[in-house]
Protein chains: 2
Amino acid sequence: MLSQKAKYALKALLVLSERPAGIPVQVVELAEQGNIPRKFLELIMLELKKHGIVYSQRGKHGGYMLAALPSEITFGQIVRAMDGPLAPIPCASLTAYRKCADCTNEKTCAVRIMMRRVRDAAAAVLDGTYLSDMSSEDMESLSDQKLTA
Amino acid sequence: MLSQKAKYALKALLVLSERPAGIPVQVVELAEQGNIPRKFLELIMLELKKHGIVYSQRGKHGGYMLAALPSEITFGQIVRAMDGPLAPIPCASLTAYRKCADCTNEKTCAVRIMMRRVRDAAAAVLDGTYLSDMSSEDMESLSDQKLTA
DNA sequence: CATAACACTACTATTTTGATAGGAATTATA
DNA sequence: TATAATTCCTATCAAAATAGTAGTGTTATG
């Protein structure tokens, strides 16, 4: 499952990614745009900052800015920052491997092998898509396509 | 995340799938083979039965049997039975769609579209693999391959 | 009828999730 | 330099989910 936190983070960053770079956007505004509880989003933005995905300017007229171009930030980075590894089970994770307590024979564990495949499939999608690939314009034309299909 | 419950279910069913069909296997034995708490596995097997994946024989010499051939039961069926829909977010689920409370414009929601892609990728793996595809023999030779690769 | 198995219900401890609250620190600007 | 607006930080909390455990009921078989 994608947590609410990760969903809110994605929504906020998608909004940010359509704003002119380098001009700070306040949490209040991101919260309004995304229908997100303001105080909760504050915590989220802080965490995104600690992960180097955004940076902030404090004080009056402060706010948050992307730390890289929208074409350089993947959905995978964001989801991992919020929810941790993509793998459904720690023993199948590349970035955060951990052995199962109940596992006797990891090399031949069908569960692990399957979950590795699931991880790889999810990673292919999430690490292969950048914020810029999902601009609201693109989304509009995507939904147009569906209507005319 | 894959719950412990789902992991245990997969392990137990993989064991079952290598036994001669129609001969009941007891929970105790499945629990031992998989390093699974017996009482917990009882609940799990019961739930699998309610989902029609296994059936049971009560009384002395009773136990559980697969309700179909190992070549007819997918990992997707099992995971869904234990953990619910594969989609990371309800609004991206085919089998259990639910709208997000905070969503204003579902048609153009980038989060939903991405999570649908993730769902589809996971479903392709899990619904495309049957218990019989992951026999312990296959697993052995898979790990051999890795050693000689 | 004794025994071995599943079936069912209830309970519980721990962790995670999704927030909310209050104030401290920082910065722009009037 | 005062003030207002903003991020930053810490604490708290309620509800839900997770991962079990326990005890008892029910049924089939020898």
Side-chain angles (χ1 to χ4, degrees), chain A residues 1-12 16 23-32 34-67 79 81-85 88-90 98 100-102, chain B residues 1-12 16 23-32 34-67 79 81-85 88-90 98 100-102:
Chain A
M1 274 286 288
L2 191 78
S3 66
Q4 283 285 101
K5 199 171 70 168
K7 189 178 75 175
Y8 290 158
L10 290 172
K11 285 173 80 171
L16 259 187
I23 297 178
V25 180
Q26 288 103 38
V27 169
V28 192
E29 199 181 337
L30 295 172
E32 278 168 8
N35 248 317
I36 305 167
R38 191 193 104 238
K39 274 304 221 174
F40 194 22
L41 186 56
E42 274 188 16
L43 298 182
I44 292 169
M45 295 311 293
L46 215 50
E47 212 174 323
L48 288 171
K49 185 192 166 187
K50 277 170 192 155
H51 278 90
I53 294 173
V54 297
Y55 62 96
S56 64
Q57 164 131 22
R58 295 178 72 166
K60 205 166 182 178
H61 303 312
Y64 285 95
M65 292 150 282
L66 290 184
V79 170
M82 295 296 102
D83 286 355
I89 196 171
R98 249 185 44 231
C100 290
D102 58 297
Chain B
M1 273 285 290
L2 191 79
S3 66
Q4 284 286 101
K5 200 171 70 168
K7 188 177 75 174
Y8 291 157
L10 290 172
K11 285 173 80 172
L16 259 187
I23 297 177
V25 181
Q26 289 102 38
V27 169
V28 192
E29 198 180 337
L30 295 172
E32 277 168 9
N35 247 316
I36 303 168
R38 191 193 105 240
K39 274 304 219 175
F40 194 22
L41 186 56
E42 273 188 17
L43 298 184
I44 292 168
M45 296 310 295
L46 214 50
E47 212 173 323
L48 288 172
K49 184 191 167 187
K50 279 172 192 154
H51 278 90
I53 294 173
V54 297
Y55 62 96
S56 65
Q57 164 130 24
R58 294 177 73 163
K60 207 167 181 176
H61 303 310
Y64 285 95
M65 295 149 282
L66 291 183
V79 170
M82 295 294 101
D83 286 355
I89 196 170
R98 249 186 43 232
C100 291
D102 59 296

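Note on naming: letters A, B, ... go to the chains in the order of the sequence lines (proteins, then strands), and numbering restarts at 1 for each one.
- The interatomic distance linking A:M82 (CE) with C:dT17 (P) rounds to 12 Å, in whole Å.
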Expected string for nucleotides 23-30 of chain D under the B/S/- scheme (protein heavy atoms, under 4.0 Å, primed atoms plus P, OP1, OP2 as sugar-phosphate) is BBBBBBB-

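- If one axis is set at each end of the helix from C:dC1-D:dG30 to C:dA30-D:dT1 from five pairs, those axes are 0° apart, to 10°.
- With rounding to the nearest 0.5 Å, the separation of CE in B:M82 from NE2 in B:H51 is 6.0 Å.
- Here the C1' atom of nucleotide C:dG18 and the CZ atom of A:R38 are 16 Å apart, to the nearest Å.
- In this structure, B:L46 and B:E42 have side chains that are not in contact, with every pair of non-hydrogen atoms separated by 4.5 Å or more.
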If you apply the rule side chain to side chain contact (heavy atoms under 4.5 Å, CB included), what do you find for B:I36 with B:L30, and how did you get there? CA-CA 8 Å; B:I36 303 168; B:L30 295 172; over 6 Å; no

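- Closest-nucleotide positions on DNA chain C for A:D83 and B:G62 were compared, and the one nearer the 5' end corresponds to B:G62.
- Under 4.0 angstrom from either OP1 or OP2 of C:dA19 there lies at least one side-chain N or O belonging to A:Y8.
- How far CZ of B:R38 is from CD of B:Q26: 11.5 Å, rounded to the nearest 0.5 Å.
- Following rounding to the nearest Å, B:Y64 (OH) and C:dA5 (C1') show an atom-to-atom distance of 10 Å.
- When the P atom of D:dT10 is taken as reference, atom CD of A:E47 falls 14 Å away, rounded to whole Å.
- Contact check, A:S3 against C:dT16: no side-chain N or O comes under 4.0 Å of OP1 or OP2.
- Taking CD1 from A:I53 and CD from A:E47, the interatomic distance works out to 9.5 Å, rounded to the nearest 0.5 Å.
- Considering every non-hydrogen atom in both A:L66 and A:Y55, the closest pair reads O-CE2, 3.4 Å.
- Atom C1' of nucleotide C:dA28 and atom CD of A:Q26 are separated by 12 Å, given to the nearest angstrom.
- Across the protein-nucleic acid pair, A:L46 atom CG and C:dA24 atom P stand 18 Å apart, rounded to whole Å.
- Under the 4.5 Å side-chain criterion, counting only non-hydrogen atoms from C-beta, A:F40 is not in contact with A:V27.
- Within the nucleic acid shown, B:Y55 has no heavy atom closer than 4.0 Å to any nucleic acid atom.
- At whole-Å resolution of the value, CD1 in A:I89 and C1' in D:dT18 are 14 Å apart.
- Note: CG (A:L43) to P (D:dT10) measures 12 Å, nearest angstrom.
- Once rounded to the nearest 0.5 Å, the distance linking CG of A:L48 with NZ of A:K5 reads 9.0 Å.
- Proximity of B:V79 to B:L2: side-chain heavy atoms (C-beta onward) are separated by under 4.5 Å at one or more points.
- Contact annotation for A:V27: backbone-only contact, meaning every heavy-atom pair under 4.0 Å involves sugar-phosphate atoms and none involves a base.
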